[in-house]
2 protein chains.
Amino acid sequence: MKRVSSVDVAKLAGVSQSSVSRVFSPNAKVSAEKRERILEAARQLGYKPNVLARSLITQSTNLIGIVIADVASLFYANFLSALSSQLRDLGKQVILFNVGLDQTADDVLPTLLEYRVDALIIAATTLSADMAAECAQQGTPVILFNREVELDQVSAICIDNEDGGRQIANLFLENQHRRYAYIAGIESTQTNQLREKGFMDRLLESGIDANMILREQGDYSYDSGFAAATRLLQADNRPDAIFCASDPMAFGVVDAARALGFSIPNDLSVAGFDNVPQAEWHTYQLTTIAQPLDSLLDATINVLTERLKGNESSKSKIDLFVGELRIRNSVRLK
Amino acid sequence: MKRVSSVDVAKLAGVSQSSVSRVFSPNAKVSAEKRERILEAARQLGYKPNVLARSLITQSTNLIGIVIADVASLFYANFLSALSSQLRDLGKQVILFNVGLDQTADDVLPTLLEYRVDALIIAATTLSADMAAECAQQGTPVILFNREVELDQVSAICIDNEDGGRQIANLFLENQHRRYAYIAGIESTQTNQLREKGFMDRLLESGIDANMILREQGDYSYDSGFAAATRLLQADNRPDAIFCASDPMAFGVVDAARALGFSIPNDLSVAGFDNVPQAEWHTYQLTTIAQPLDSLLDATINVLTERLKGNESSKSKIDLFVGELRIRNSVRLK
DNA sequence: TTGAAAGCGATACCAC
DNA sequence: GTGGTATCGCTTTCAA
């Protein structure tokens with residue numbers, strides 16, 4: 001219950017407090033005999049160095065702030081899981097902020113900055129230029145994950161969402177579909193906007209008549225996909241190819257279609273985005289754009305370590321990855 | 001880039017450093033005029049109090065350590081999401097450790113303790129008595145989530161897993177099934193052991209012949225459920241009622257059964273455990289035991305705040321909740 | 001109210 | 001190698 005500090009250990013071991021500190025520092029210079037005595041005393045007292053006090057002087061907390069929109073969403077839960085493991089291997093700890101899907105990171109960043117995090121990783125949401133400037137001024141590197149935003153001093157790791165939309169459009173076109181639909185994610189999110197733009201632009205470029213392209217509003221969730229598909233499929237001009245801004249919505253579409261008696265992919269082609277693990281499930285066999293999670297993570301870790309070292313070459317740069325089309329059985333081919 | 005401390009603010013505002021500190025303390029006693037001047041100076045310099053330095057003296061970090069096994073698993077992702085939001089509302093920050101499903105919390109706790117977390121929440125895994133004692137000695141409250149372990153000084157919030165197993169057995173029995181199977185989660189986990197025990201005991205108590213009860217080993221994942229079901233259903237003595245230690249395995253079972261041409265629930269009844277959001281999906285309509293997430297969270301937060309206040313009445317106590325049977329369409333009734 | 005000064009628990013530079 | 005001491009940025013008496 002009573003706190004034990006390096007002074008207590010020093011007293012018990014009969015050495016100076018400095019020596020105790022040295023034993024717990026990576027490049028110690030302590031005689032083997034003293035070191036033993038100190039470690040023994042530490043063990044007896046249950047002593048643990050206080051990293052907060054250490055941070056105060058070293059100016060480094062080994063804390064990485066992660067702000068993430070909707071940890072519970074399938075894709076980001078996987079992302080967080082992998083990322084936090086890798087950070088742990090680097091000796092970094094994660095301090096986590098979960099914000100709403102529609103929220104910005106601005107609200108929570110001040111708190112994170114108060115904890116003097118060594119760096120910030122912001123996923124699935126963005127921050128204002130002002131806040132970016134504030135982080136920069138404090139010398140806190142910011143890495144944006146999955147937002148294509150060009151901000152002074154911040155690094156961005158992102159998949160090419162627009163290209164992903166085009167890839168799906170191409171797949172639909174090559175396999176001769178007639179009427180298309182897009183089910184949107186939360187409208188204000190950039191991810192949604194770019195996926196939609198790529199898909200729509202490609203269809204229009206190829207000469208598809210604009211009124212052969214339908215659109216429904218969703219919110220990335222299964223339920224919203226289910227509802228949107230139900231509306232689309234009960235109308236006279238029902239589509240035979242639906243692209244969803246996220247995999248969960250696509251699952252909803254598949255289920256809704258089957259509930260109405262349609263067969264996938266014979267009557268209806270469905271494609272999603274992200275390639276969450278469920279996309280492989282036997283019922284769905286969903287064609288989708290895979291986020292290359294491993295590459296994205298590697299890039300994130302690389303940029304992070306470089307910026308922590310003070311290397312700023314990745315600053316104000318967007319690192320864009322191409323999504324990989326995963327063709328499964330939810331899209332009619334030929 | 002250059003750090004700014006309360007001293008800088010004090011200098012600019014022409015006051016003492018103490019006064020600056022007071023302005024940023026909850027129960028300040030500063031004249032309105034001075035306060036304004038200080039706030040203005042702080043704004044100009046971009047000053048933010050350093051919570052680490054504060055923690056050093058207040059002996060409270062407002063950090064809550066959460067260690068969780070497999071953040072990416074459906075149930076725990078939801079748990080983490082809700083929990084972190086609630087903690088944020090309390091002004092607490094989350095420092096997160098993601099460990100492997102088969103790992104213990106012991107390995108990572110020392111690090112967490114070095115950060116002087118105010119409390120620890122350990123989910124889906126357990127810790128040794130020694131480590132529990134160490135936390136207690138340091139005065140760090142420990143709350144175990146979803147492990148029924150009686151440890152000195154630690155509080156536990158848990159669902160009654162054994163009872164859940166019995167509930168499913170009862171449901172199967174009441175609706176006249178003939179041959180039963182249990183698909184296990186990772187064998188070493190307590191959750192799996194208790195769910196299995198409840199299910200098996202109830203079946204045997206009711207006079208079911210032991211060789212009418214099959215068992216397959218899984219690992220909580222969809223794939224393992226799919227594989228186990230494929231084995232079970234291709235054998236001569238195939239079961240007509242399968243209970244899975246987790247929902248994802250149950251989804252795998254449903255898909256495997258359908259792939260083999262069986263109809264759910266006419267040919268086969270399937271039940272899971274946890275009631276993850278996907279259990280409601282139209283394809284699955286999974287009968288399962290719901291973890292009362294809201295109640296569990298409330299209890300967790302309550303115990304946490306009590307223990308932070310120094311109230312120790314919940315120490316060494318297991319708070320057991322009853323899981324709620326959710327009957328959907330994956331089990332044949334009558 | 002306000003300012004001076006002690007201390008929280010470490011690191012790092014200094015002689016020795 | 002070792003110990004003494006200043007310092008990190010704050011909170012908290014204690015006088016004034």
Side-chain angles (χ1 to χ4, degrees), chain A residues 1-39 41-42 45-63 111 113-118 138-140, chain B residues 1-39 41-42 45-63 110-111 113-118 138-139:
Chain A
M1 201 58 184
K2 68 165 217 315
R3 294 147 4 210
V4 29
S5 78
S6 56
V7 176
D8 304 315
V9 178
K11 226 170 273 169
L12 180 59
V15 299
S16 76
Q17 182 270 336
S18 312
S19 295
V20 177
S21 171
R22 287 190 184 100
V23 170
F24 292 92
S25 293
N27 21 9
K29 281 290 210 169
V30 195
S31 67
E33 178 250 352
K34 259 201 168 59
R35 147 173 267 109
E36 266 323 302
R37 219 158 12 112
I38 292 175
L39 284 175
L45 298 174
Y47 168 76
K48 282 201 186 9
N50 184 328
V51 295
L52 274 52
R54 173 185 297 159
S55 304
L56 207 51
I57 185 127
T58 60
Q59 301 295 325
S60 157
T61 55
N62 283 327
L63 286 173
T111 309
L113 290 176
E114 284 184 11
Y115 277 89
R116 300 301 195 260
V117 294
D118 287 353
Q138 289 215 7
T140 309
Chain B
M1 201 59 182
K2 69 163 217 316
R3 293 144 7 205
V4 29
S5 77
S6 56
V7 176
D8 305 313
V9 177
K11 228 171 267 168
L12 180 60
V15 299
S16 76
Q17 181 268 336
S18 316
S19 295
V20 177
S21 169
R22 290 191 181 100
V23 169
F24 291 92
S25 295
N27 23 7
K29 279 291 208 167
V30 196
S31 67
E33 178 250 354
K34 257 203 171 61
R35 146 173 268 110
E36 266 323 303
R37 240 186 324 141
I38 292 174
L39 283 175
L45 297 174
Y47 168 75
K48 277 197 191 8
N50 184 327
V51 294
L52 275 54
R54 172 184 297 159
S55 304
L56 208 50
I57 182 128
T58 60
Q59 301 295 327
S60 156
T61 55
N62 283 327
L63 287 173
T111 310
L113 291 176
E114 284 184 11
Y115 278 90
R116 300 302 194 258
V117 294
D118 286 353
Q138 289 215 8

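Below, read A as the first sequence line, B as the second, and so on, with proteins coming before strands; counting in each chain starts at 1. We use all heavy atoms of the structure for the numbers below, so side chains are in, but hydrogens, waters and symmetry mates are not.
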Visitor: Could you give the start and end, 5' to 3', of the contact zone on DNA chain C for chain B, using atoms under 4.0 Å from its heavy atoms?
Guide: C/dT1 to C/dG9
Visitor: Given atom CG of A/L52 and atom P of D/dT11, what is their separation to the nearest angstrom?
Guide: 14 Å
Visitor: In residues 14-24 of chain A, which residues come under 4.0 Å of DNA chain C by heavy atom?
Guide: A/Q17, A/S18, A/S21, A/R22
Visitor: Given A/F24 and A/L39, is the side chain to side chain contact (heavy atoms under 4.5 Å, CB included) satisfied, shown in steps?
Guide: CA-CA 9 Å; A/F24 292 92; A/L39 284 175; 4.2 Å; yes
Visitor: Go through the steps to decide whether A/N50 and A/R54 satisfy the test side chain to side chain contact (heavy atoms under 4.5 Å, CB included), and finish with yes or no.
Guide: CA-CA 6 Å; A/N50 184 328; A/R54 173 185 297 159; over 6 Å; no
Visitor: Just the rounded figure in Å: distance from P of D/dC10 to NZ of B/K11.
Guide: 13 Å
Visitor: As a test of reading the structure: which of D/dC10, D/dC8, D/dT11 is closest to the side chain of B/S6, going by heavy atoms?
Guide: D/dC10
Visitor: Atom CG of A/N50 to atom P of D/dC8: distance rounded to whole Å?
Guide: 18 Å
Visitor: Measure from CG on B/N62 to P on D/dT11 and round the result to the nearest Å.
Guide: 12 Å
Visitor: Could you give the OH-to-P distance, from A/Y115 to D/dC10, as a whole number of Å?
Guide: 14 Å
Visitor: Measure across B/S55 and B/T61 and return the closest heavy-atom pair with its distance rounded to 0.1 Å.
Guide: OG-CA, 3.5 Å
Visitor: DNA chain C: B/V30 or B/A53, which has the more 5' nearest nucleotide?
Guide: B/V30
Visitor: Side-chain contact test, heavy atoms from C-beta onward, threshold under 4.5 Å: evaluate it for B/L113 versus B/P110 and give yes or no.
Guide: no
Visitor: Is any side-chain nitrogen or oxygen of A/K34 closer than 4.0 Å to OP1 or OP2 of D/dG1?
Guide: no
Visitor: Rounded to whole Å, how long is the line connecting atom CD of A/Q59 with atom P of D/dT7?
Guide: 15 Å
Visitor: Under a 4.5 Å cut-off applied to non-hydrogen side-chain atoms, are B/K48 and A/Q138 in contact?
Guide: yes
Visitor: Checking B/S6 side chain against B/V20 main chain: does a donor-acceptor pair fall under 3.5 Å?
Guide: no
Visitor: Check the pair A/N62 / A/D118 against side chain to side chain contact (heavy atoms under 4.5 Å, CB included), numbers first and verdict last.
Guide: CA-CA 6 Å; A/N62 283 327; A/D118 287 353; 3.9 Å; yes
Visitor: Nearest-Å distance, OH (B/Y47) to C1' (D/dG9)?
Guide: 7 Å
Visitor: Kindly indicate, with the supporting measurements, whether the criterion side chain to side chain contact (heavy atoms under 4.5 Å, CB included) is fulfilled by B/R3 and A/Q59.
Guide: CA-CA 10 Å; B/R3 293 144 7 205; A/Q59 301 295 325; 3.2 Å; yes
Visitor: Without swapping roles, check the side chain of A/R37 against the backbone of A/A13 for a donor-acceptor pair under 3.5 Å.
Guide: yes
